[in-house]
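The first residue of the sequence shown is numbered 1, and numbering continues consecutively from there. If you're wondering where the values come from, they're calculated on a predicted model, not measured in any experiment. All values below were derived from every heavy atom in this structure, side-chain atoms included, with hydrogens, water molecules and symmetry-related copies excluded.
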Amino acid sequence: MKFGLMIIGDEIVQGTRVDAHFPAIKQMLAERGLRLAWIEYVCDDRADLVKRLKRSFAESIPVLVTGGIGATPDDHTRQAAAEALGLPMTLNSEAVALIDAAAQKRGETDFESTTHQQRRQMGHFVIGAQLIPNSFNGIAGFSIQQHYFMPGFPVMAHPMVAWILDTYYRDWFFKDGFAQRSCMVYDLQESQIAPLMEAIERNYSGVQTFSLPTLGHYGEIKRYSIELGVKAEGGAAESLDVAWNRLLQQVQAIGGKLA
């Protein structure tokens, strides 16, 4: 099963903070036999968020969304989700109770203060949303139409992703039978191995090939290398090893060195 991943935040897009979500979430998916279909980085711009969310809501895959669900003026994700769906927002009583409980745990008692009323806005979700528990501080994220909205903080978002996968998608773990093989090939150009890759895809239905070239420096020597691989899912994965061994034999036959 495949997921979309939308990472929201000017600080990520502009490079003032390094994205910690992609590698961690990719790994969490892989540990459960799940995969990413796409990843998208989006600025804190409400109009752009609405446009991108409209597109993803129209798709049929679940989407994990991080960032922009706070209660400051630069947080637009909650409002953009509602606008993209054409639905009103409402103050979720369960979410507000969790926000109040978190404040009380810190020793705060004045729930009518301006500060706490502003904090309660983090429980203002699109109508019909379900809560996503936040084990770090108790302030919930939300989900609607297979879109799962979480804070931008990895320490909060990553346990929430694990909860989402284990709660809603356990029946899909390792269901698609996806597998891949790859290695490094030296001393050949992509143009030399492309016909071999095409032949594998013709002769082994459902098996896909891929390559990624690199020009590396080894002291004074420049050496061209290619990461070469095959991948398949479902029934096609049964012939993956046969196809892979055949491709490696052909690559070596025309002078490729494997590593």
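Aromatic ring centres of Y169 and F3: separated by under 6.0 Å.
The 12-atom threshold is exceeded at CD of E190, counting heavy atoms of other residues, nucleotides or ligands nearer than 6.0 Å. Open room surrounds CZ on R17; 12 or fewer heavy atoms of other groups in view lie less than 6.0 Å from it. By the neighbour-count criterion of 12 heavy atoms within 6.0 Å, atom CD of E59 is densely surrounded, having more than that number from other residues, nucleotides or ligands. No more than 12 heavy atoms of other residues, nucleotides or ligands lie within 6.0 Å of CZ in R246, so this atom counts as exposed by the packing criterion. Around atom CZ of F57, more than 12 heavy atoms belonging to other residues, nucleotides or ligands sit under 6.0 Å away.
I193 and V251 make their closest contact through CG2-CG2, 4.4 Å (heavy atoms, listed as atom of the first residue, atom of the second, distance). Scanning all heavy atoms of the two residues, the minimum distance from A84 to L53 falls at CB-CB, 3.8 Å. Contact record, P159 with P154: CD-O, 3.9 Å, taken as the closest heavy-atom pair. Residues F111 and H116 approach most closely at O-CD2, 3.4 Å, considering heavy atoms. Summarising the geometry of R32 relative to M28, their closest heavy-atom pair is NH1-O, 2.9 Å, with the distance given to 0.1 Å. Shown here for M150 and L64, the closest heavy-atom pair between the two residues is CE-CB, 4.1 Å.
Under the 4.5 Å side-chain criterion, counting only non-hydrogen atoms from C-beta, D241 is in contact with R181. Looking at heavy atoms from C-beta onward, W244 lies out of side-chain contact with I200 at the 4.5 angstrom threshold. In this structure, D48 and K51 have side chains that are in contact, with non-hydrogen atoms separated by less than 4.5 Å. For the pair N134/P151, a side-chain contact is recorded, criterion being any heavy-atom separation below 4.5 Å from C-beta on. T66 has its side chain out of reach of I8: every pair of non-hydrogen atoms, C-beta onward, lies at least 4.5 Å apart. For the pair N92 and F142, the minimum side-chain heavy-atom distance is 4.5 Å or more.
Cluster membership for L131 and V161, using ILVMFWY side-chain heavy atoms within less than 4.5 angstrom, is not shared. Note: the hydrophobic cluster containing M122 does not contain V96 (ILVMFWY, side chain heavy atoms under 4.5 Å, direct or indirect links). The cluster map of Ile, Leu, Val, Met, Phe, Trp and Tyr, joined by side-chain heavy atoms under 4.5 Å apart, puts V185 and I254 in the same cluster.
Atom-to-atom distance recorded for M1:CE and K175:NZ is 10.5 Å, nearest 0.5 angstrom.
Here the rule is side-chain contact (heavy atoms from CB on, under 4.5 Å) with C183, and of I226, L247, L248 only L248 fits it. Each of V18, V42, D19 was checked for a side-chain contact (heavy atoms from CB on, under 4.5 Å) with I12, and the lone residue meeting it is D19.
Scanning for ring-ring contact (aromatic ring centres under 6.0 Å, His included) contacts around Y168 gives Y148, W163, with sequence neighbours left out.
The pair D176-K2 does not count as a salt bridge, with every side-chain nitrogen at least 4.0 angstrom from each carboxylate oxygen. Using a cut-off of 4.0 Å between Lys/Arg side-chain N and Asp/Glu carboxylate O, E233 and R35 are scored as salt-bridged.
Checking side-chain atoms of T90 against main-chain N and O of I127 turns up no donor-acceptor pair under 3.5 Å. The backbone N or O of C43 lies less than 3.5 Å from no partner atom in the side chain of D10, so there is not a single donor-acceptor pair. Looking at R78, its side chain does come within 3.5 Å of a backbone N or O of I69 through a donor-acceptor pair. Looking at S182, its side chain never comes within 3.5 Å of a backbone N or O of G229 through a donor-acceptor pair.
Taking the six-membered ring for Trp and thresholds of 30 and 60 degrees, H21 and H158 have ring planes more than 60 degrees apart, a perpendicular arrangement.
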